[in-house]
Amino acid sequence: MPRKTVQKPFTITVIVQGTVIKDNYSGDGKRVSGFRRNYKHADILKLKMKARTLLDGRKKLPVFKVKDELMKQLMEHRVSVVIGETGSGKSTQIPQFLMKQIKGKIAVTQPRRVAAINLATRVSEEFGCDVGRDVGYAVRFNNATSYKTMLKYMTDGMLLREMMLDPLLSDYSAVIVDEAHERTILTDMILGFLKELLVRKRKDDKNFRVIVMSATLDADKFSAFFNKAPIFFIEGRLFHVDRYYLPHSVDDIIDSMVKSIIQVNQEQTKGDVLCFLPGQEDIDKVTSILHQIAPALPREAPMIVPLPLYAALPPQQQLKVFDKVKPHQRKVILSTNIAETSVTIPGVRYVIDSGLRKIKVWRHELGLSTLLTVPISKASASQRTGRAGREAPGKCFRLYTENDYIKLSQNTEPEIIRSEIVYPVLMLKRLGVDDILNWFWLENPGRSALIAALQQLYALNALSDSGKITDLGEQMAVLPVTPHLGAVLIQASKFGVLSTVMDIVACLSVDNLILTPPSEQRDVINAKRRETCTLGDRYGDLVMLKELFNIYNDISSSDERRIWCKSLGVSYKGFKNVLRIRKQISQYMDSMDGRKNEKERHSGVEDGNKSKNDDSNEDEIKTSVPLNYELVLKSFLKGFITNTAIGMPDRSYRTVTSGDTISIHPSSLLFGKKIDAVMYIEHVYTMKGYARNVSAIKTDWLREMAPHCLDRG
DNA sequence: TAGGGTTTT
């Protein structure tokens with residue numbers, strides 16, 4: 001499209017950090033004076049005009065009404081807590097207000113990638129710049145920032161990574177921690193580090209600001225943590241949602257859910273229905289019941305279109321919840337917690353809430369995780385309810401009694417007190433924190449959990465006898481994988497099998513890569529996997545991952561890759577991620593190789609293995625090298641020596657550490673086989689104790705790989 | 001012969 005030529009000289013005015021900067025142009029569009037830039041004048045004008053059209057909408061946001069009062073508070077205190085419900089505009093507007101008042105960069109952290117990207121994109125439009133210029137974002141695999149970027153939206157994990165490189169965060173003059181109420185491990189860690197920064201490292205820097213933003217009313221906790229920081233409330237902009245409870249508690253949540261869906265469908269006027277259930281199994285059951293009975297329902301009511309939604313669902317099927325349906329149809333979305341925060345579906349007017357969710361609880365004293373179905377919190381119930389009132393007034397049907405509701409805990413339990421905290425503890429060690437037990441924990445994970453983490457790190461040689469971080473620990477802290485897998489990578493590098501191990505570690509770093517096939521396809525897919533992965537069939541699941549990786553990598557067209565993935569019940573999207581992670585791991589390994597080689601050459605440890613098949617310096621993926629499964633599995637033993645079990649005559653297995661019985665999970669290629677000893681990546685307790693991602697090992701490898709951990713043999 | 005909520009470097 002031809003552009004209109006501007007004839008008269010003109011000026012573009014931009015406000016940066018409260019300073020008005022004018023840029024003067026001659027009639028032919030050449031810049032004659034003003035600030036330096038790379039844009040064509042037409043582009044910048046377009047962006048500024050777009051921003052102007054957005055201003056009216058911004059002024060209607062609740063946060064705009066209280067702007068002056070809010071900014072007064074934020075400027076007067078080093079730490080503030082801001083409570084703002086959904087729709088208040090806090091995440092988009094407050095950082096922009098702040099940009100005009102303070103000098104220096106502002107970081108805004110988000111628990112999720114998509115949120116960081118979407119917010120940065122939106123705010124760039126409002127500000128009138130391209131993403132990555134004045135306003136940008138940083139998430140894993142994607143950095144849209146420049147030297148000019150003053151406002152940076154980023155994931156929690158990214159800010160923590162920056163903290164590891166610059167513990168003073170000297171680049172920033174303000175950090176805004178958004179969605180703090182979600183209390184993820186990473187958010188909790190950031191809040192602890194910020195407190196430390198304020199009390200110790202930057203205690204004299206009066207210009208450094210911290211703003212904690214939360215959507216629920218649990219502000220007191222944050223305020224108390226930051227020395228009674230003032231709290232500011234902003235109203236939200238959700239529509240009213242009526243709540244209904246059951247008169248009596250029910251046992252069968254699936255039956256209750258199906259009945260409620262049918263009733264809502266018959267009695268309520270138009271609008272889609274969003275149902276919250278704890279897990280995939282419940283969702284699949286309800287979906288299939290609805291498919292069966294939908295044709296038999298009365299014609300007057302809309303036709304039900306059941307749509308499952310959970311993380312392990314292939315992306316194409318997930319996207320179906322956004323499709324439009326015909327006028328006489330009604331979408332009934334059956335979802336896990338994913339629809340509570342991560343996925344927002346337009347058109348929902350009714351919510352049916354089972355009041356349940358699943359959580360993974362780490363038992364540090366046993367070194368295993370359990371998966372539990374538990375009641376949600378009041379905060380979570382209110383969040384689910386709010387999903388019905390985003391566009392119009394709605395209704396929420398709670399499949400529990402009002403009395404049950406009253407008994408729910410106020411807030412969701414912070415993740416950090418029920419998780420493995422080996423990595424958080426390593427981070428603290430890396431940042432020089434000696435007294436882990438009395439650190440600035442927003443929620444202290446507890447003495448026994450902390451000691452268990454320290455012991456794990458010691459066993460991985462990440463900590464010395466005196467509890468100080470070792471060179472190895474420093475490397476593990478930097479690698480973008482768990483410390484256990486980090487130890488594996490470093491060992492693999494010494495054994496000269498790094499390339500292969502990086503392939504496997506990348507596979508293990510992706511969730512839901514190997515899907516659990518629907519029961520009717522189960523036998524076919526299991527047989528296909530065994531037939532495809534002949535070495536995996538013998539040596540186990542880690543070797544299987546390498547075989548799958550090789551085949552995927554050797555297929556050239558994406559269409560063929562997709563078909564192949566489907567035939568084996570593996571995730572295509574997951575494998576795409578595997579390749580990105582593989583590349584990132586490889587870059588990290590390369591960068592630490594230079595420093596490390598120097599030391600090793602003198603130590604002489606295992607140099608016999610460091611021979612011509614050493615592939616540690618090459619980024620290239622190798623699919624043709626013969627697989628040295630022994631060295632590969634021994635590398636894994638370095639990180640998972642405690643996850644081993646010995647085969648008993650009765651075909652059961654006993655763990656090496658505690659002697660407890662453990663079974664090979666039926667999803668494993670080694671399921672049903674008789675093996676002397678096994679190593680597993682994960683120990684989960686559901687119906688009974690299961691080992692997942694299992695490999696066959698030899699008992700004498702145990703003593704060889706970790707003499708100092710297995711004194712009792 | 002099990003099954004698995006959600007994030008992220």
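Order of the sequence lines fixes the chain letters, A, B, ..., with proteins taken first and strands second; residue numbering starts at 1 for each chain. Not measured: the values here are computed from a predicted model.
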Which of the following nucleotides, [options], is nearest to the side chain of [X]?
X       : options                : result
L371(A) : dT9(B), dA2(B), dG5(B) : dG5(B)
K358(A) : dG5(B), dT9(B), dT1(B) : dG5(B)
D511(A) : dT9(B), dT7(B), dG5(B) : dT7(B)
S342(A) : dT6(B), dG5(B), dA2(B) : dT6(B)
P666(A) : dT6(B), dG5(B), dT1(B) : dT1(B)
R418(A) : dG5(B), dA2(B), dT7(B) : dG5(B)

Donor/acceptor link under 3.5 angstrom from R140(A) side chain onto base of dT9(B):
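When only heavy-atom distances are counted, R140(A) does not reach the base of dT9(B) through any donor-acceptor pair under 3.5 Å.
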
Under 4.5 Å between any side-chain heavy atoms of [X] and [Y], yes or no?
X       : Y       : result
E182(A) : T341(A) : yes
S214(A) : E179(A) : no
I525(A) : L568(A) : no

Could you tell me how far apart [X] ([atom1]) and [N] ([atom2]) are, to the nearest whole angstrom?
X       : N      : atom1 : atom2 : answer
R183(A) : dT8(B) : CZ    : P     : 19 Å
M427(A) : dT8(B) : CE    : C1'   : 11 Å
Y588(A) : dT9(B) : OH    : P     : 10 Å
I376(A) : dT6(B) : CD1   : C1'   : 15 Å
L313(A) : dT6(B) : CG    : P     : 10 Å
E474(A) : dT9(B) : CD    : P     : 22 Å
N512(A) : dT8(B) : CG    : C1'   : 15 Å
H484(A) : dT9(B) : NE2   : P     : 20 Å

Base, sugar-phosphate or nothing for [X]? Non-hydrogen atoms, less than 4.0 Å.
X       : value
R113(A) : sugar-phosphate
M164(A) : nothing
V139(A) : sugar-phosphate
R112(A) : sugar-phosphate
T336(A) : sugar-phosphate
A311(A) : sugar-phosphate

side-chain N/O T155(A) vs dT7(B) OP1/OP2, d < 4.0 Å
no

Can you see if the side chain of T373(A) gets near the phosphate of dG5(B) - specifically, an N or O under 4.0 Å from OP1 or OP2?
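For T373(A), the contact criterion (side-chain N or O under 4.0 Å from OP1 or OP2 of dG5(B)) is not met.
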
Ring-face cation of K566(A) near Y572(A) (centre distance under 6.0 Å, axis angle within 45°)
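Ring-cation test returns no.
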
Before we go on, tell me: are the rings of H484(A) and F640(A) under 6.0 Å apart, centre to centre?
yes

Judged by each residue's nearest nucleotide on DNA chain B, which is more toward the 5′ side, Y690(A) or D282(A)?
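On the 5' side of the pair lies Y690(A).
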
Tell me which of E281(A) and S509(A) sits closer to the 5' end of DNA chain B, going by the nucleotide each one is nearest to.
E281(A)

Which of these, I106(A), D178(A), V108(A), T121(A), sits in a side chain to side chain contact (heavy atoms under 4.5 Å, CB included) with Y153(A)?
V108(A)

